[in-house]
Amino acid sequence: QNEIRPKSSLEVEIADCIRPGDVILARVHANGERDFILTTAEAELGVIQAICESSGCEMTPTSWKEMQCPLTKVKEPRKVAKPRQVR
């Protein structure tokens, strides 16, 4: 079982948050001898780039929990990172 939100009473499916190939912004929650535990529990953390599984196009966020393919209009669940302010 993967721990997406440490110490949370909510059970989260990893496939509803992050998929293989996604680019994510995460924070190191803990580290062991040979591995790291990452968290995306904060609003600013999560998927920053995703590729549509059916078309291969880069998806755009439609909300904090969903991204959409501009070509096929297919929506896929993701834990989307809150956009960062560029200064």
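Annotation for Cys69 and Ser55: closest pair SG-OG, 3.1 Å, computed over non-hydrogen atoms. Taking each heavy atom of Val80 and Ser63 in turn, the nearest pair found is CG2-O, 3.5 Å.
Here the NZ-CD1 distance, from Lys79 to Ile14, works out to 13.0 Å after rounding to the nearest 0.5 Å. Between the SG atom of Cys57 and the CG atom of Leu71 there is a distance of 4.5 Å, given to the nearest 0.5 Å. To the nearest 0.5 Å, atoms CE (Met67) and OG1 (Thr62) are separated by 8.0 Å.
Between Leu25 and Glu44, the closest side-chain pair of non-hydrogen atoms is not below 4.5 Å. A 4.5 Å side-chain heavy-atom check between Arg27 and Leu45 finds at least one atom pair inside the cut-off. The closest side-chain heavy-atom distance from Val23 to Val47 is not below 4.5 Å. By the 4.5 Å heavy-atom criterion applied to side chains, Cys52 and Gln68 are not counted as neighbours. Considering only heavy atoms from C-beta on, Glu53 comes within 4.5 Å of Glu76 through its side chain.
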task = Decide side-chain contact (heavy atoms from CB on, under 4.5 Å) for Arg78 and Glu66; before the verdict, give the C-alpha distance in whole Å, the side-chain angles of both, and the deciding distance to 0.1 Å.
result = CA-CA 5 Å; Arg78 296 291 201 284; Glu66 193 172 65; over 6 Å; no
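Ile51 and Ile24 sit in two unconnected hydrophobic clusters of ILVMFWY residues. Membership requires side-chain heavy atoms under 4.5 Å apart, directly or through other members.
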